[in-house]
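Data block below; observations after.
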Amino acid sequence: MNFSCVTKNPKETKKLAAILVKEILKTKTRGNTFVLGLEGDLGGGKTTFLQGLAKGLGIKQRTTSPTFVILKKYKIQNKRYKIQNFYHIDCYRTQKPKEILDLGFRNIISNPQNIVAIEWADRIKKILPRNTIKINFEFVNQNTRRIIFTT
Ligand code: ADP
Ligand code: MG
């Protein structure tokens, strides 16, 4: 899968994420953990996208940027999905993959009941699972973003 979308405002970016996560979950098989690797420009819309994704998962709690907190865990209440937790990881300040490994990363990505989204995933390329869905955010102009999905 390789496709791109252009969004014209933050709301569209959130909507795209909510639609996408529902589609992705339909294809989920029992054994695999969903890992999304978000990359691209600062202000590109990665955090905005994940707010829409959290909403699409039925998470009511406000998802703020974890830039100062590397990892945040949200419980998913919605019984319809085969997943229980949404992990939001932000590697913006990460110097070495070990810092993320020390947070129990391997366990997190090996539990199929988790969905894991990683901002600045390129900083921890070496430890990303092979089936990571890459999402690249390009700043086109003030309100326009190009979002490219690669699996
Ligand atoms: P990142 O996490 O990639 O650094 P953020 O989501 O924190 O980016 O910030 C994106 C900023 O760009 C927000 O202030 C948001 O309001 C603004 N913005 C403008 N247009 C868009 C768009 N089409 N999609 C997402 N964000 C947008
Ligand atoms: Mg961010």
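For ligands, and for the atoms within them, numbers begin at 1 and follow the listed sequence. All residue numbers in this chain count up from 1 along the given sequence.
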On a heavy-atom basis, which atom in T33 and which in V116 lie closest, and how many Å separate them? CG2-CG2, 4.3 Å
Mind checking whether Q51 has a heavy atom under 4.0 Å from ligand 1? no
Please report whether ligand 1 has a polar contact with T144, defined as an N or O pair separated by less than 3.5 Å (distance criterion only). no
Backbone or side chain, does any N or O of T7 fall under 3.5 Å from an N or O of ligand 1? yes
Donor-acceptor under 3.5 Å (D122 side chain, E39 main chain): no
pair Y92-R123: side-chain heavy atoms closer than 4.5 Å: yes
Quick one: which ligand 1 atoms are inside 4.0 Å of a heavy atom on Q142? 19 (C), 20 (N)
To the Mg ion (ligand 2), the closest N, O or S atom belonging to E119 is OE1
Just heavy atoms, cut-off under 4.0 Å: does L38 contact ligand 1 by side chain, backbone, both, or neither? neither
Are K8 and N143 close enough that some pair of their side-chain heavy atoms sits under 4.5 Å apart? no
Can a donor-acceptor pair be found, under 3.5 Å and without considering hydrogens, that links the side chain of R106 to the backbone of L101? no
Looking at E12 and K15, is any side-chain nitrogen of the basic one under 4.0 Å from a carboxylate oxygen of the acidic one? no
Atoms in ligand 1 flagged as close to E119, the criterion being non-hydrogen separation under 4.0 Å: 2 (O)
Under 2.8 Å: N/O/S of T47 next to the Mg ion (ligand 2): yes
May I ask you to check whether L42 has an N/O atom sitting below 3.5 Å from an N/O atom of ligand 1? no
Any E12 heavy atom less than 4.0 Å from ligand 1: no
Smallest separation among heavy atoms of I127 and I109, with atom names: O-CD1, 4.3 Å
Heavy-atom contacts with D41 under 4.0 Å: which atoms of ligand 1 show up? List them by number with element. 3 (O)
Pick whichever of G43, A17, G52 has a heavy atom sitting closest to atom 10 (C) of ligand 1. G43
Atoms of ligand 1 close to G44 [distance to a heavy atom under 4.0 angstrom, numbered from 1]: 1 (P), 3 (O), 8 (O)
Say whether L50 and ligand 1 are in contact under the criterion: heavy-atom distance to a ligand atom below 4.0 Å. no
Given side chains that start at C-beta, do those of L36 and L53 come closer than 4.5 Å, heavy atoms only? yes
Test side-chain contact (heavy atoms from CB on, under 4.5 Å) on I124 and I89; report intermediate values, then the result. CA-CA 11 Å; I124 59 161; I89 299 175; 5.6 Å; no
